[in-house]
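Report on the structure given below.
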Amino acid sequence: MRKKTPSFADRCYQMLKKVPRGKVTTYRHLAHALGSRAYRAVGQAMKRNPNAPRVPCHRVVRSDGTLGGYAGGVAKKKRLLTREGVRLRGDRLTELKRQLHTFGMR
DNA sequence: TATTTGACCAAGA
DNA sequence: ATCTTGGCCAAAT
């Protein structure tokens, strides 16, 4: 018996892997999908261990449709999203509701 | 153990 | 519509 309980951060990464290309989720939705309200902690997790290409952390945005942060710089996040077909107007998504991945939750 | 820190959020002014 | 404020939770200090 040696398995440790996965940290909250690890569960975030796992869950985030389910967000397909061209879609996004929010810090809040991600936390909610994990049965938690720790949306701030989600942000912390993304910042500290971006597990680089493994986890699409650029697909996590704020609930109000603005981008939020990115370890490699927000400009980069913008570019990645645009490249996947997510359209922006400045630092804000134009069609958040439409491209939101809700993890099968309503 | 206690305190501090955020890639946040909803509500108020 | 924008800006500020208080609260929230896990993890790092």
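Chain naming here is simple, since letters A, B, ... match the order of the sequence lines and numbering starts at 1 in each. From a predicted model like this one, the values you see are computed outputs, not experimental measurements.
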Completion exercise
Exactly one candidate in A/V60, A/V19, A/L96 meets side chain to side chain contact (heavy atoms under 4.5 Å, CB included) with A/V24; the answer is A/L96
Problem - Nearest-angstrom distance from the residue atom CE of A/M46 to C1' of C/dA10 - result: 12 Å
Completion exercise
Of A/Q44 and A/R92, the one whose closest nucleotide on DNA chain C sits nearer the 5' end is A/R92
Problem - Nucleotide nearest A/R28 when distance is taken to its side chain, options C/dA11, B/dA10, B/dG6 - result: B/dA10
Practice task
Tell me whether the OP1 or OP2 atom of B/dC8 has a side-chain N or O from A/R62 closer than 4.0 Å.
Solution key: yes
Problem - A/N49 CG to B/dA7 C1', straight-line distance once rounded to whole Å - result: 14 Å
Problem - Value rounded to 0.5 Å, distance of CG in A/N49 from CZ in A/R54 - result: 8.0 Å
Problem - Value in whole Å for how far the P atom of B/dC9 lies from OH of A/Y27 - result: 8 Å
Exercise for the section: Identify whether any heavy atom of A/A9 sits under 4.0 Å from a base atom; if not, whether one sits that close to sugar-phosphate; answer base, sugar-phosphate or nothing. Expected result: sugar-phosphate
Exercise for the section: Please figure out whether A/A41 or A/T26 has its closest DNA chain B nucleotide nearer the 5' end. Expected result: A/A41
Handout entry: Nucleotide B/dC8, atom C1' - distance to NE2 of A/H32 in whole Å
Key = 16 Å
Exercise for the section: Tell me, yes or no, whether the heavy-atom count around A/K17 atom NZ, taken from other residues, nucleotides or ligands under 6.0 Å, exceeds 12. Expected result: yes
Handout entry: Whole angstrom value for the distance that separates P of B/dA7 from NZ of A/K78
Key = 19 Å
Practice task
Could you tell me the separation between the CG atom of A/D64 and the P atom of C/dT2, rounded to a whole number of Å?
Solution key: 10 Å
Exercise for the section: Give the rounded distance in Å between these two atoms: CG of A/L34 and C1' of C/dC8. Expected result: 16 Å
Practice task
Give the rounded distance in Å between these two atoms: NZ of A/K47 and P of B/dT4.
Solution key: 18 Å
Practice task
Output yes when at least one side-chain N/O atom of A/S63 is less than 4.0 Å from OP1 or OP2 of B/dC9, else no.
Solution key: yes
Exercise for the section: Look up atom CZ in A/R21 and atom CG in A/L80, then write down how far apart they are to the nearest 0.5 Å. Expected result: 10.0 Å
Exercise for the section: Let me know which of A/R79, A/H58, A/Q99 forms a side chain to side chain donor-acceptor pair (under 3.5 Å) with A/E84. Expected result: A/H58
Practice task
For A/S7, answer base if it contacts any base atom (sugar-phosphate contacts may also be present), sugar-phosphate if it contacts only those atoms, and nothing otherwise; contact means non-hydrogen atoms under 4.0 Å.
Solution key: sugar-phosphate
